[in-house]
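Here the structure is laid out as structure tokens; the discussion comes afterwards.
Reminder, nothing fancy here: chain letters follow the sequence lines and each chain counts from 1.
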Amino acid sequence: DTEVTQTPKHLVMGMTNKKSLKCEQHMGHRAMYWYKQKAKKPPELMFVYSYEKLSINESVPSRFSPECPNSSLLNLHLHALQPEDSALYLCASSLREDEQFFGPGTRLTVL
Amino acid sequence: AQTVTQSQPEMSVQEAETVTLSCTYDTSESDYYLFWYKQPPSRQMILVIRQEAYKQQNATENRFSVNFQKAAKSFSLKISDSQLGDAAMYFCAVYAGGTSYGKLTFGQGTILTVHP
């Protein structure tokens with residue numbers, strides 16, 4: 001298996017909802033990442049997990065809560081989001097420090 | 001900190017022709033890596049090509065090649081024999097985090113249109 005998978009592909013949620021995004025990789029990669037991407041803009045790093053431990057939090061609001069239950073799985077729990085949080089959420093993983101492989105993303109719409 | 005500049009917001013090319021996308025970067029690190037990623041409308045970021053800064057030889061990957069000018073901090077992507085499937089947004093990126101897992105710094109992207 002040589003890919004990063006993300007579910008769901010699309011998600012619509014209200015500002016009071018709680019939802020989760022899921023990311024999986026079975027390549028034995030040691031690091032996993034969450035990025036947020038607005039239309040026609042580059043991805044912005046949110047979180048990095050290295051060996052299942054949170055190593056980087058780019059000052060992300062607490063309404064986004066990451067979780068890494070094991071080395072293959074990364075979740076992003078969402079609660080009380082704002083309409084401006086609507087974006088494409090990309091997951092990535094890497095074996096080498098310098099190279100990241102991206103999943104197809106989850107398109108999130110917050111109403 | 002690293003910065004990446006892509007000065008061409010949009011580029012276009014005729015099918016079968018060659019196009020070059022520009023990228024300049026800045027970093028104070030001596031050990032770093034450079035990348036070009038492609039993001040089609042289907043939205044998945046795909047790694048196109050990778051260059052280690054310590055290597056003088058320019059990387060090539062089939063129809064894709066780079067012109068890496070270390071002194072000028074320039075890293076352009078050449079696409080030969082352009083195909084309709086090359087149409088996408090292209091991001092240049094640099095990694096200078098050493099041996100720790102960290103942040104890719106992206107440029108603002110160049111939208112490439114391929115005309116039949």
Side-chain angles (χ1 to χ4, degrees), chain A residues 2-11 23 25 27 29-60 68 71 74 87-108, chain B residues 1-6 8-11 21 23 25 27 29-55 59 61 87-113:
Chain A
T2 57
E3 63 176 0
V4 177
T5 60
Q6 289 187 245
T7 53
K9 290 185 179 179
H10 302 273
L11 178 62
C23 173
Q25 59 86 13
M27 298 178 280
H29 286 182
R30 303 168 185 176
M32 297 183 77
Y33 311 75
W34 281 115
Y35 286 85
K36 174 183 177 180
Q37 186 181 25
K38 291 284 200 178
K40 297 189 178 180
K41 295 290 186 183
E44 300 172 12
L45 183 66
M46 300 174 73
F47 303 104
V48 179
Y49 272 83
S50 171
Y51 297 95
E52 301 172 44
K53 287 186 169 49
L54 183 64
S55 57
I56 296 177
N57 176 343
E58 291 281 292
S59 302
V60 178
C68 188
S71 60
L74 184 67
L88 180 67
Y89 287 84
L90 292 166
C91 175
S93 71
S94 58
L95 178 64
R96 301 165 53 108
E97 294 83 3
D98 57 277
E99 196 166 281
Q100 296 180 20
F101 295 91
F102 286 82
T106 293
R107 175 77 64 196
L108 174 68
Chain B
Q2 286 67 241
T3 61
V4 179
T5 302
Q6 293 179 247
Q8 307 152 317
E10 297 184 27
M11 291 283 284
L21 308 184
C23 172
Y25 64 92
T27 178
E29 302 293 331
S30 57
D31 185 20
Y32 56 91
Y33 300 82
L34 297 159
F35 305 89
W36 279 98
Y37 281 90
K38 166 186 177 182
Q39 190 174 36
S42 64
R43 78 198 185 197
Q44 181 151 10
M45 295 274 285
I46 302 164
L47 179 62
V48 174
I49 201 163
R50 175 178 180 271
Q51 174 81 43
E52 295 91 336
Y54 61 84
K55 287 189 178 178
E61 197 69 45
M89 189 145 190
Y90 285 80
F91 291 100
C92 178
V94 62
Y95 181 79
T99 56
S100 60
Y101 293 104
K103 182 177 177 177
L104 270 176
T105 301
F106 290 91
Q108 290 300 304
T110 297
I111 299 172
L112 178 66
T113 302

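Contact annotation for A/Y35: only side-chain heavy atoms (C-beta onward) come within less than 4.5 Å of a heavy atom of chain B. Residue B/L47 touches chain A through its side chain alone, counting heavy-atom pairs closer than 4.5 Å. The contact between B/Y37 and chain A is made entirely by side chain atoms (from C-beta outward), counting heavy-atom distances below 4.5 Å. Only the side chain of A/Q37 comes within contact range of chain B, with heavy atoms under 4.5 Å apart. Contact of B/I46 with chain A is not made at all, since no heavy-atom distance falls under 4.5 Å. Residue contact with chain A, scored on non-hydrogen atoms closer than 4.5 Å, involves the backbone and the side chain of B/M45 alike.
Across B/I111, B/T105, B/L104, the residue that shares the most heavy-atom pairs under 4.5 angstrom with chain A is B/L104. Chain B forms more heavy-atom pairs under 4.5 Å with one residue of A/S55, A/A31, A/A92 than with any other, namely A/A31.
With A/Q100 contributing its side chain and B/G102 its backbone, the two residues share a donor-acceptor pair below 3.5 Å.
Qualifying ring-ring contact (aromatic ring centres under 6.0 Å, His included) partners for B/F35, counting only residues two or more places apart in sequence or in other chains: none.
In the displayed structure, A/K38 atom NZ is contacted under 6.0 Å by more than 12 heavy atoms of other residues, nucleotides or ligands. Heavy-atom contacts from other residues, nucleotides or ligands closer than 6.0 Å to NZ of B/K103 number 12 or fewer.
Counting only residues at least two apart or in different chains, salt bridge (charged side-chain N to carboxylate O under 4.0 Å, His left out) contacts with residues 38-50 of chain B comprise A/D98-B/R50, A/E99-B/R50, B/R50-B/E52.
When all heavy atoms are compared, the tightest approach of B/F91 to A/P42 is CE2-CA, 3.4 Å.
Between B/Q39 and A/F102, the closest side-chain pair of non-hydrogen atoms is not below 4.5 Å.
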